[in-house]
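Right, one structure below, let's go through it.
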Amino acid sequence: MLHSTGPRPITDPLLDGERITHGFFTRHGGVSKGLYRGLNVGAGSSDDPQDIRENRRRAAVALGGEGANLLTLWQVHSPDAVIVKAPFSGTRPKADGIVTATPGLVIGVVTADCGPVLLADAKAGVVGAAHAGWKGALNGVLENTIIKMETLGAKRAQIHAVLGPSISQENYEVGPEFVETFAASEPGASRFFRQSDRSGHAMFDLWAFIVHRLERAGVTVSMTGNCTYAEEESFFSYRRTTHRGEADYGRQLSAISIRST
């Protein structure tokens, strides 16, 4: 049973500091019901829009912001990242990385197995968030988010990045065409796979792959180590929903902000 005492985001010491507030939100503390029970923030789901708005407001408040200042993207599994300086005035940008140096804005990504990555250069006052599914990570969304942070004055040696709740290798089985795609694009891709119990299939380590790309980009990395598929009480999971043949699924929020002085 989910708790209703308010959002309870996971935090990581790597991003702690006087200037930065962040959280990898769980399902706890929301108002959604049924398949979406808890803190579903996924506008792409078929949940009650009013419940989604209330969940987003609660999450923003938990990070010291307001509902209108919580900015998330129209995520399309792309390598693209954008810089934001104010709340969106119209349609959300289609991109998978978001960066700001504006205090008071809460920027984030929504996920249901993909890797949410929060980044901060506390000294420069620049933060970012990236939606890193296998396709986005393979095609450069993490590196492009870091580049956008540098545009605002961040320095790679000062950037801290944390990978939040996402699907673990134990629960991420893929087919041979998936492995071939990686082998063609990523040198040494075999280290991110182990043999599945099913012939021709493999278990993919998304966590290790994301950490590898971040470390190769020259930033300091940590991870929460939570599996969205296995920890049903706390997280939504696209793959778990698919395996059960359920009609839809919720999304959890990972967000970060520079505190207003």
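It should be emphasised that the depicted structure is a prediction, and the values quoted were computed from it without experimental measurement.
Between the side chain of Glu231 and the backbone N or O of Cys227 there is at least one donor-acceptor pair closer than 3.5 Å. Side chain of Asn144 to backbone of Ala81: no donor-acceptor contact under 3.5 angstrom is found. In this structure a side-chain-to-backbone donor-acceptor pair under 3.5 Å is present from Ser257 to Leu105. Between the Thr100 side chain and the Val84 main chain, a donor and an acceptor come within less than 3.5 Å of each other.
Residues Val41 and Tyr238 are members of separate hydrophobic clusters, defined by side-chain heavy-atom contacts under 4.5 angstrom among Ile, Leu, Val, Met, Phe, Trp and Tyr. There is no path of hydrophobic side-chain contacts, each under 4.5 Å, that joins Ile107 to Leu253. Note on Val110 and Ile98: separate hydrophobic clusters, where clusters join Ile, Leu, Val, Met, Phe, Trp and Tyr whose side-chain heavy atoms are under 4.5 Å apart, directly or indirectly. Note on Ile256 and Leu152: separate hydrophobic clusters, where clusters join Ile, Leu, Val, Met, Phe, Trp and Tyr whose side-chain heavy atoms are under 4.5 Å apart, directly or indirectly. Val99 and Ile20 fall into different hydrophobic clusters, defined by Ile, Leu, Val, Met, Phe, Trp and Tyr side-chain heavy atoms under 4.5 Å apart, directly or through other members.
For His243, the ring pair (Phe, Tyr, Trp, His ring centres under 6.0 Å) criterion is met by Tyr229, not counting sequence neighbours. Applying the side chain to side chain donor-acceptor pair (under 3.5 Å) rule to Thr228 yields the partners Asp113; only residues at least two apart in sequence or on another chain are considered. Qualifying side-chain contact (heavy atoms from CB on, under 4.5 Å) partners for Ser196, counting only residues two or more places apart in sequence or in other chains: Glu173, Arg198, His201, Met203. For Asp80, there are no salt bridge (Lys or Arg N to Asp or Glu O under 4.0 Å) partners at least two apart in sequence or on another chain. Residues that satisfy the salt bridge (Lys or Arg N to Asp or Glu O under 4.0 Å) test with Glu170, not counting sequence neighbours, are Arg194. Applying the salt bridge (Lys or Arg N to Asp or Glu O under 4.0 Å) rule to Asp248 yields the partners Arg251; only residues at least two apart in sequence or on another chain are considered. Contacts of Glu246 classified as salt bridge (Lys or Arg N to Asp or Glu O under 4.0 Å), with partners at least two apart in sequence or in another chain: Arg244. Taking the side-chain contact (heavy atoms from CB on, under 4.5 Å) definition, one finds that Ala43 meets it with Arg92, sequence neighbours left out.
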Give the C-alpha distance, both sets of side-chain angles, the deciding distance and a yes or no for side chain to side chain contact (heavy atoms under 4.5 Å, CB included) between Thr72 and Arg56.
CA-CA 10 Å; Thr72 56; Arg56 288 173 64 89; 3.0 Å; yes
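Arg57 contributes atom CZ, which lies 4.0 Å from atom CD of Glu54 (distance to the nearest 0.5 angstrom). Separating the CD atom in Glu232 from the OG1 atom in Thr241 is a distance of 8.5 Å, to the nearest 0.5 Å. Considering CG of Asn171 and OG of Ser237, their distance stands at 8.0 Å, rounded to 0.5 Å. Here CZ of Arg58 is found 7.0 Å from CG of Asn55. Values are rounded to the nearest 0.5 Å. Here the CZ-OG1 distance, from Phe236 to Thr26, works out to 9.0 Å after rounding to the nearest 0.5 Å. Here the NZ-OG1 distance, from Lys135 to Thr181, works out to 9.0 Å after rounding to the nearest 0.5 Å.
Sorted by first then second residue, the salt bridge (charged side-chain N to carboxylate O under 4.0 Å, His left out) pairs that include residues 14-24, not counting sequence neighbours, number zero. Annotation: salt bridge (charged side-chain N to carboxylate O under 4.0 Å, His left out) contacts involving residues 156-168, sequence neighbours excluded, comprise Glu150-Arg156.
Of the candidates Gln252, His28, Arg27, Ser234 forms a side chain to side chain contact (heavy atoms under 4.5 Å, CB included) with just one, namely His28.
When all heavy atoms of Pro165 and Thr111 are compared, the pair lying nearest together is O-OG1, 4.4 Å. Minimum interatomic distance between Ala137 and Leu142 (heavy atoms only, all atoms of both residues): CB-CD1, 4.5 Å. The two atoms that bring Ala255 and Leu70 nearest to each other are CB-CD1, 4.5 Å, heavy atoms only. Pairing each heavy atom of Gly42 with each of Ile52, the nearest pair is O-CD1, 3.3 Å. Contact between Phe24 and Pro116 at its shortest, heavy atoms only, is CE2-O, 3.7 Å. Nearest heavy-atom pair across Val141 and Gly97 is CG2-N, 4.0 Å.
Classified by interplanar angle (parallel below 30°, tilted 30° to 60°, perpendicular above 60°), the ring pair Phe178/Phe182 is parallel.
Put simply, the side chain of Asp12 does not reach to within 4.5 Å of the side chain of His160, judged on heavy atoms. Between Val174 and Trp134 there is no side-chain heavy-atom pair separated by less than 4.5 Å. No side-chain heavy atom of Leu39 sits less than 4.5 Å from a side-chain heavy atom of Arg8.
A donor-acceptor contact under 3.5 angstrom links the side chains of Thr224 and Asn226, judged on distance only.
Heavy-atom contacts from other residues, nucleotides or ligands closer than 6.0 Å to OH of Tyr172 number more than 12.
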For residues 204-221, which side-chain donor-acceptor pairs fall under 3.5 Å, sequence neighbours excluded?
unit_1	atom_1	unit_2	atom_2	d
Asp205	OD1	Trp207	N	3.3
Asp205	OD1	Ala208	N	3.0
Trp207	NE1	Ser166	O	3.4
Trp207	NE1	Ser166	OG	3.0
Trp207	NE1	Ile167	O	3.2
His212	NE2	Glu186	OE2	3.1
Arg213	NE	Glu143	OE2	2.8
Arg213	NH1	Leu138	O	3.4
Arg213	NH1	Glu186	OE1	3.0
Arg213	NH2	Glu143	OE2	3.2
Arg216	NH1	Glu186	OE2	3.3

Solution key, residues 117-131 side-chain donor-acceptor pairs under 3.5 Å, sequence neighbours excluded:
unit_1	atom_1	unit_2	atom_2	d
Asp121	OD1	Lys123	N	3.1
Asp121	OD1	Ala124	N	3.0
Asp121	OD1	Gln158	NE2	3.0
Asp121	OD2	Lys155	N	2.9
Asp121	OD2	Gln158	NE2	2.9
His131	ND1	Asp96	OD2	2.6

